[in-house]
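The next block holds one structure in the form of C-alpha cells; read it before the comments.
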Amino acid sequence: MYILANAQMFNNQGELVKRHIWIENGIISRMTDVEVELPEQVEIVDAAGKFVSPGFIDMHVHLREPGFEHKETIATGTRSAAKGGFTTIACMPNTKPVIDTPETVQFIHDKTKLEGIVKVLPYGAITKNELGRELTDFEGLKEAGVIGFTDDGVGVQSAQMMKDAMARAHALDMPVIAHCEDGTLVKGAAVTDGAFARKHGLKGIPNESEAIHVGRDILLSEATGVHYHVCHVSTEQSIRLIRQAKQIGIRVTAEVCPHHLILSDEDIPGLDANWKMNPPLRSPRDVEACIEAIEDGTIDILVTDHAPHSEEEKARGMELAPFGIVGLETAFPLMYTKFVSTGKWSLELLVKRMTADPARVFRLNTGRLEEGAPADIAVIDLETEREVNPETFASKGRNTPFTGWKLKGWPVMTIVDGRIVWSEQV
C-alpha cells in the first residue's frame, strides 16, 4: 500500500480538486481530502504540483512483434506507452505471422506477461493473413482473448466479406474495427491528393478512397447490427457520413490521431518520409473537420496509430518508404500544447477522449479515478516545456515529424494496477 499524495485531479463534477489517492492491492482503495493527516507508516509518493489523470488508453498501436522486432517489440513498445502516460494499449494484428489464430493471440499474452509493463489488448484479424479471402476463426479468437476484429493496414475490399464478418462479430457481441481504404484508388500513391502531391509530381491518395469504405461499412453495420468502429478518420467526407449515421442510431464509433488534428499536407516541408503516414496528412479543411468532430463527439476517441519503422526503411524516400509515424510518447503533450494551453479545449475534454471515452467504446474496466477502480494512473507535468527529441524515445522508432517541437504536458510517472512502471526519476 502507498498513497499518491496531493494529486490535482478532476472530481465527478469536472472540477479540479486536490486529493490523496490510497492505492492498495492494485486498486484505488480510498480518496481523501488533502487536509486528512497521512499515516506515518505508509509510503508517500508526492504528486504536488502535478496533474493526475486516469492512465491513457490507446486503442490503435502497432507493436510489430511477432515478425518485425527490428521496428519494435512488446518490451520497447510498452515502455514507450508508459513513458507517454498510457496504461492500456490495443495492438494491431498486421504482424508476421498475422494475429489470426488463437496461438498467436496466446503468444501476445505470454510475451506481455514476461516483458510488457502496460496492459496489452490484442485485436484479431478479420481475414486470414489479412488477405481478404477467408474469414478467421472469430469464435476461437474471442475465446483466446481478442477485443475485436480488424484487418488494419489494409481495407477489406469485398463488401460481402465485410458483411459476413460483421454478422459473425455481432453474433459474438464483438466490434469490427475498420481500416477504410478502397485499394483501387490508392495504388502507388504516397501522400494526399493535394497541393503537395502536385508540386512534387506524386500520385495522390484521394479523400474518397477512405470515405467510400466508411459509407459502405455504415450501411453494412446498419444491416447487421454490429458495433462498427472507424480507424484513424482523416477526411471531411468520412466525418459527414459518421455524423449522419450516429444521428439515426447506427452503432458506429470513430477515432482520430493527433497528427490529423495538428498537421495538413501544406505543412510537409519536403520529401521527408517521416511525414508519410496512412491515412496521409490531408487538407486544412479536413483538419478543421476532424477538430470539430472530436469536439462535438462525432469522433469518440483519440489514438496514436503508433507505427514504428527503422531509420533505413524511412530513408528510402517519400515514394518508397513505408507509411507510419510513432506517437505514444508525444500524443498528450502535442494535444495539450496545441489545444488546451491555447484555450481552445478544456483539459477535461482532452482527458475524457483519452481515458473514459475509449473505456466506454470498448467496454473496458479502466479509464477512471474512483474508489474501487484499477489504479491505472498518469502523473503529468503541465508546466515544463521541452523539445521533442527522438533520441530519447523508449520506442525503437524515431520516425516522427515533430522533432524539435517545444511542448508542455509531459508525463512524469505511470502507474499500472498500482505498480509504478515508469518514472522520470528512475
Side-chain angles (χ1 to χ4, degrees), residues 1-58 78-89 112-113 116-120 328-329 331-333 336 340 346-348 350-360 364-384 386 394 408-426:
M1 176 179 170
Y2 65 94
I3 297 171
L4 187 63
N6 305 304
Q8 185 174 343
M9 55 175 282
F10 288 113
N11 64 13
N12 290 335
Q13 289 72 47
E15 303 163 327
L16 273 176
V17 296
K18 284 188 179 179
R19 293 282 188 269
H20 297 320
I21 302 174
W22 302 57
I23 298 172
E24 190 172 4
N25 297 323
I27 67 166
I28 297 170
S29 58
R30 293 173 62 193
M31 291 198 294
T32 57
D33 292 332
V34 291
E35 288 76 19
V36 172
E37 189 172 341
L38 298 177
E40 291 183 9
Q41 69 273 22
V42 175
E43 180 186 358
I44 305 297
V45 177
D46 193 3
K50 303 295 187 294
F51 173 67
V52 173
S53 165
F56 304 139
I57 300 168
D58 190 348
T78 57
R79 276 156 182 76
S80 180
K83 194 172 178 184
F86 291 93
T87 54
T88 299
I89 59 176
T112 299
K113 194 175 292 185
I117 62 170
V118 305
K119 298 171 181 177
V120 175
L328 285 167
E329 294 170 55
F332 186 85
Y336 179 81
V340 179
S346 68
L347 177 59
E348 185 184 16
L350 174 57
V351 169
K352 186 170 181 286
R353 295 288 187 261
M354 296 182 71
T355 59
D357 285 334
R360 167 185 57 82
L364 307 178
N365 180 34
T366 186
R368 64 196 194 280
L369 291 182
E370 58 187 47
E371 292 180 3
D376 294 349
I377 298 170
V379 182
I380 303 159
D381 178 357
L382 298 178
E383 301 301 325
T384 305
R386 302 179 203 167
K408 293 181 179 180
W410 295 95
V412 295
M413 180 183 292
T414 303
I415 300 167
V416 177
D417 284 334
R419 189 165 67 93
I420 299 172
V421 297
W422 176 81
S423 172
E424 195 175 57
Q425 271 67 52
V426 177

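Computed from a prediction, not measured in an experiment: that's the story for all the values here.
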Roughly how far, to the nearest 0.5 Å, is [atom2] of [Y] from [atom1] of [X]?
{"X": "Arg79", "Y": "Glu329", "atom1": "CZ", "atom2": "CD", "result": "12.0 Å"}
{"X": "Tyr2", "Y": "Ile21", "atom1": "OH", "atom2": "CD1", "result": "9.5 Å"}
{"X": "Ile377", "Y": "Met413", "atom1": "CD1", "atom2": "CE", "result": "10.0 Å"}

Heavy-atom side-chain proximity of [X] to [Y] below 4.5 angstrom:
{"X": "Met354", "Y": "Ser53", "value": "no"}
{"X": "Thr87", "Y": "Thr414", "value": "yes"}
{"X": "Phe86", "Y": "Ile57", "value": "no"}
{"X": "Ile415", "Y": "Leu4", "value": "yes"}
{"X": "Val416", "Y": "Trp422", "value": "no"}
{"X": "Arg19", "Y": "Val34", "value": "no"}

Looking only at atom types and distance, does a side-chain atom of [X] sit under 3.5 Å from a main-chain N or O of [Y], one as donor and one as acceptor?
{"X": "Thr78", "Y": "Ile117", "value": "yes"}
{"X": "Tyr336", "Y": "Trp410", "value": "no"}
{"X": "Asn11", "Y": "Gln13", "value": "yes"}

Indicate the atoms forming the closest heavy-atom contact of [X] with [Y], along with that distance.
{"X": "Val421", "Y": "Ala82", "result": "CG2-CB, 4.0 Å"}
{"X": "Gly367", "Y": "Ala359", "result": "CA-CB, 4.4 Å"}
{"X": "Val412", "Y": "Arg386", "result": "CG1-NH2, 4.1 Å"}
{"X": "Gly85", "Y": "Ala378", "result": "O-CB, 3.6 Å"}
{"X": "Leu328", "Y": "Ala81", "result": "CD1-N, 3.8 Å"}
{"X": "Pro333", "Y": "Gly409", "result": "CG-O, 3.4 Å"}

Can you pull the side-chain hydrogen bond (donor to acceptor under 3.5 Å, both in side chains) pairs that have at least one residue in residues 40-50, sequence neighbours excluded? Asn6-Asp46

Where at least one partner belongs to residues 365-375, residue pairs that pass side-chain hydrogen bond (donor to acceptor under 3.5 Å, both in side chains), sequence neighbours excluded: Asn365-Arg368, Thr366-Asp376, Arg368-Glu370

Does the pair Ile23 and Val45 meet the rule for a side chain to side chain contact (heavy atoms under 4.5 Å, CB included), with working shown? CA-CA 11 Å; Ile23 298 172; Val45 177; over 6 Å; no

Can you confirm whether more than 12 heavy atoms, excluding those of Asn25, are under 6.0 Å from its CG atom? no

For Glu37, look at atom CD and say whether over 12 heavy atoms of other residues, nucleotides or ligands are found less than 6.0 Å away.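 It does not: Glu37 CD has 12 such atoms or fewer within range.
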
Which ring pair (Phe, Tyr, Trp, His ring centres under 6.0 Å) pairs, counting each pair once, include a residue from residues 5-25, with sequence neighbours left out? Phe10-Phe51

Test salt bridge (Lys or Arg N to Asp or Glu O under 4.0 Å) applied to [X] - qualifying residues, sequence neighbours left out:
{"X": "Lys352", "answer": "Asp357"}
{"X": "Arg419", "answer": "none"}
{"X": "Asp381", "answer": "none"}

Test side chain to side chain contact (heavy atoms under 4.5 Å, CB included) applied to Leu16 and Met9, step by step: CA-CA 5 Å; Leu16 273 176; Met9 55 175 282; 5.7 Å; no

